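Read through the structure below, which is laid out as structure tokens, and then see the notes.
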Amino acid sequence: MNTKILVTGGAGYIGSHTTVELQNAGYEVIIADNLSNSRIEVIDGIERITGIRPVFEQIDCSDEHMVREVLDKHRVKGIIHFAASKAVGESVQKPLMYYRNNIDSLLNFLEVMPVYGVKGLVFSSSCTVYGQPDVLPVTEQSPIRPATSPYGNTKQIDEEIIRDAIHAGHPYKSIILRYFNPIGAHPSAEIGELPIGIPQNLVPFLTQTAAGIRDKLAVFGNDYNTPDGSCIRDYINVVDLSRAHVVAMNRIINSQSEPIEYYNLGTGKGLSVLQLISLFEKATGVKVPYTIVGRREGDIEQIWADPSHANKVLGWKAVETIEDTLRSAWRWQQKLK
Ligand code: UFG
């Protein structure tokens, strides 16, 4: 019998790509998702890629009763916890919703995992915990900075909750993955990012503009202290990112991991907004009309990862090229159209 893994938020962007990679690696996946920010058709896309339909449980992970029921029913060995609200701007408008949603669900799992013999939890964190670092690239030892949004704060608080639970001797392990900027889609174009409403993130806005759905991409600022004045990020292919979750889960299942481990998941390379636009145009041959506007409040000027810890210890590395990644985003956009 294959080892069962619960993927919360498995119908979402990173969750669906991770489900594909877990199934390809031989795991049996149970998805728990309340579909608040995703669509049920994603499960069909996963099935078309892998030939396997993951079990789907429509539950709200912030409901303790439902969490217990799912763990009782499926007896999973590991949990990958993606389910969370993730829009920075919305979190400023609705902070209590973010604290309730992102913290309650984690507490529910940490409390009941020992009852059902779950060996460990892989947690979706973010490079947002580093704020604007003084020294680049950032390592896992770089200082954690005060969060600039309720969303960012929930990631910091969740990391602390996991650390404290494990420090107190809870009988499970955790691997905390700090994502840089995941972009792109599965090369099959069967799954990808499904922004609901106006996209807040750069690449979905860019591909919608290229497709003519939006008039112009607004570049938020060209007066930063960077070579071309626009902000710099570490854009990582979503399939590469997803593969790191499989390696992390293998470590937990095979009892190779320390009680708690942290990894930066990035490419190690920073790209500016203007560079990304130009790379997209070269990779796809499609023009992206854009205009420079003022800075977006709360934006970090520049950040990119030192991924060497993940490279060494996990034996994982981001391998997809930025051109292929941008082409995958474009294929997905064309399919959505
Ligand atoms: N940008 C634009 N125009 C847009 C959208 C974005 O110029 O229409 C710029 C932003 O100013 C930024 C870059 O593109 O410089 C990337 O912006 P995203 O919104 O795509 O990503 P962020 O780096 O702001 O946010 C991401 C995640 C968050 C996470 C954060 C941590 O979306 O969940 O990284 O820094 F908290």
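Since the structure is predicted, the reported quantities are computational estimates derived from the model, not experimental observations.
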Residues in ring-ring contact (aromatic ring centres under 6.0 Å, His included) contact with Tyr13, at least two apart in sequence or another chain = His17
What is the minimum heavy-atom distance between Glu190 and Lys335, and which atoms define it?
-> OE1-NZ, 3.1 Å
Step through the shown structure and confirm whether more than 12 heavy atoms of other residues, nucleotides or ligands are within 6.0 Å of CZ on Arg295.
-> yes
Quick check: does any side chain N or O of Lys155 sit under 3.5 Å from a backbone N or O of Thr128, one acting as donor and the other as acceptor?
-> no
Checking side chain to side chain contact (heavy atoms under 4.5 Å, CB included) for the pair Val203/Leu276: CA distance, chi angles, key distance, verdict?
-> CA-CA 9 Å; Val203 169; Leu276 197 84; 3.7 Å; yes
Under 4.5 Å between side-chain heavy atoms, chaining through other members, with only Ile, Leu, Val, Met, Phe, Trp and Tyr counted: pull out the rest of the cluster around Ile213, sorted by chain and number.
-> none
Residue list, side chain to side chain donor-acceptor pair (under 3.5 Å) with Arg53, at least two apart or on another chain = Asp44, Glu47
If you measure only the distance, is there a donor-acceptor pair under 3.5 Å linking the side chains of Thr139 and Asp306?
-> no
Is a donor on one side and an acceptor on the other found under 3.5 Å between the side chain of Gln58 and the backbone of Leu35?
-> no
Would you indicate whether Ile198, at its atom CD1, is surrounded by more than 12 heavy atoms from other residues, nucleotides or ligands within a distance under 6.0 Å?
-> no
State plainly whether one hydrophobic cluster holds both Ile252 and Met113, where clusters connect Ile, Leu, Val, Met, Phe, Trp and Tyr through side-chain heavy atoms under 4.5 angstrom apart.
-> no
List, by chain and then residue number, the residues other than Val319 in its hydrophobic cluster (Ile/Leu/Val/Met/Phe/Trp/Tyr, side-chain heavy atoms under 4.5 Å); write none if there are no others.
-> none
Is the backbone of Ser85 close enough, under 3.5 Å, to the side chain of Asn102 for a donor and an acceptor to pair up by distance?
-> yes
May I ask you to check whether Asp104 and Ser62 show a side-chain donor-acceptor distance below 3.5 Å?
-> no
Exercise: identify the closest heavy-atom pair between Thr209 and Pro289 | CG2-O, 3.6 Å
Tell me whether Leu22 is reachable from Ile43 by hopping between hydrophobic residues (I, L, V, M, F, W, Y) whose side-chain heavy atoms are closer than 4.5 Å.
-> yes
ILVMFWY cluster membership beyond Ile144 - transitive side-chain contacts under 4.5 angstrom | Val129, Tyr130, Leu136, Val138, Phe180, Ile232, Ile300, Ile303, Trp304
Qualifying residues under side chain to side chain donor-acceptor pair (under 3.5 Å), relative to Glu64, sequence neighbours excluded = Arg68
Evaluate the side chain to side chain contact (heavy atoms under 4.5 Å, CB included) criterion for residues Leu177 and Leu241: first the C-alpha distance (whole Å), next the side-chain angles of each, then the deciding distance (0.1 Å), finally the verdict.
-> CA-CA 10 Å; Leu177 301 177; Leu241 185 83; over 6 Å; no
Quick one: do the Gln302 and Thr226 side chains pair a donor with an acceptor below 3.5 Å?
-> no
Please confirm whether the backbone N or O of Ser125 pairs with a side-chain atom of Asp158, one donor and one acceptor, at under 3.5 Å?
-> no
If you look only at pairs with a residue in residues 198-207, which of them pass as a side-chain hydrogen bond (donor to acceptor under 3.5 Å, both in side chains), with sequence neighbours excluded?
-> Thr207-Gln333
Test item: Lys119 side-chain N/O and Lys77 main-chain N/O as donor-acceptor pair under 3.5 Å | no
Sidechain-backbone polar pair: Ser16 side chain, Val42 backbone, donor-acceptor under 3.5 Å | no
Counting N and O atoms only, with roles assigned by atom type, does the side chain of Asp240 sit under 3.5 Å from a partner on the main chain of Glu320, one being a donor and the other an acceptor?
-> yes
side-chain contact (heavy atoms from CB on, under 4.5 Å) test vs Leu110 passes for just one of Ile79, Val118, Ile162, namely Ile162
Short side-chain to backbone donor-acceptor contact, Thr8 and Ala83, under 3.5 Å | yes
Salt bridge (Lys or Arg N to Asp or Glu O under 4.0 Å) partner of Glu261, the single match among Lys173, Arg251, Arg178 | Arg251
Charged N to carboxylate O below 4.0 Å: is that the case for Asp324 and Arg327?
-> yes
Count the heavy atoms belonging to other residues, nucleotides or ligands that lie under 6.0 Å from CD of Glu297, then report whether that count exceeds 12.
-> no
Can you list every pair that meets ring pair (Phe, Tyr, Trp, His ring centres under 6.0 Å) and has a residue in residues 88-119, with sequence neighbours left out?
-> His81-Phe109
Mind listing the closest non-hydrogen atom pair of Thr19 and Val29 along with its distance?
-> CG2-CG1, 3.7 Å
Non-hydrogen atoms of Ser174 and Leu121 that approach each other most closely | OG-O, 3.0 Å
Could you note down all residue pairs passing ring pair (Phe, Tyr, Trp, His ring centres under 6.0 Å) where residues 48-74 supplies at least one of them, sequence neighbours left out?
-> none
Output yes when a side-chain donor or acceptor of Gln156 lies under 3.5 Å from a complementary backbone atom of Pro146, and no otherwise.
-> no
Does any pair with a residue in residues 264-300 pass ring pair (Phe, Tyr, Trp, His ring centres under 6.0 Å), and if so which ones, sequence neighbours excluded?
-> Phe280-Trp330
Please list all pairs passing the ring pair (Phe, Tyr, Trp, His ring centres under 6.0 Å) test where one or both residues lie in residues 243-266, with sequence neighbours left out.
-> Phe82-His245, Tyr179-His245, Tyr263-His309
Contacts of type side chain to side chain donor-acceptor pair (under 3.5 Å), residue Asp164, not counting sequence neighbours = none
Closest heavy-atom contact between Val293 and Ala218?
-> CG2-CB, 3.8 Å
Mark yes when over 12 heavy atoms from residues, nucleotides or ligands other than Lys4 sit less than 6.0 Å from its NZ; otherwise mark no.
-> yes
Is a side-chain N or O of Asp234 found less than 3.5 angstrom from the main chain of Thr267, in a donor-acceptor match?
-> yes
Does CG in Asn254 sit with more than 12 non-hydrogen atoms of other residues, nucleotides or ligands closer than 6.0 Å?
-> yes
For Asn225, does the CG atom sit with more than 12 other heavy atoms under 6.0 Å from it, leaving out its own atoms?
-> no
Atom of Ser91, atom of Pro150 and distance for their closest heavy-atom approach = O-CG, 3.1 Å
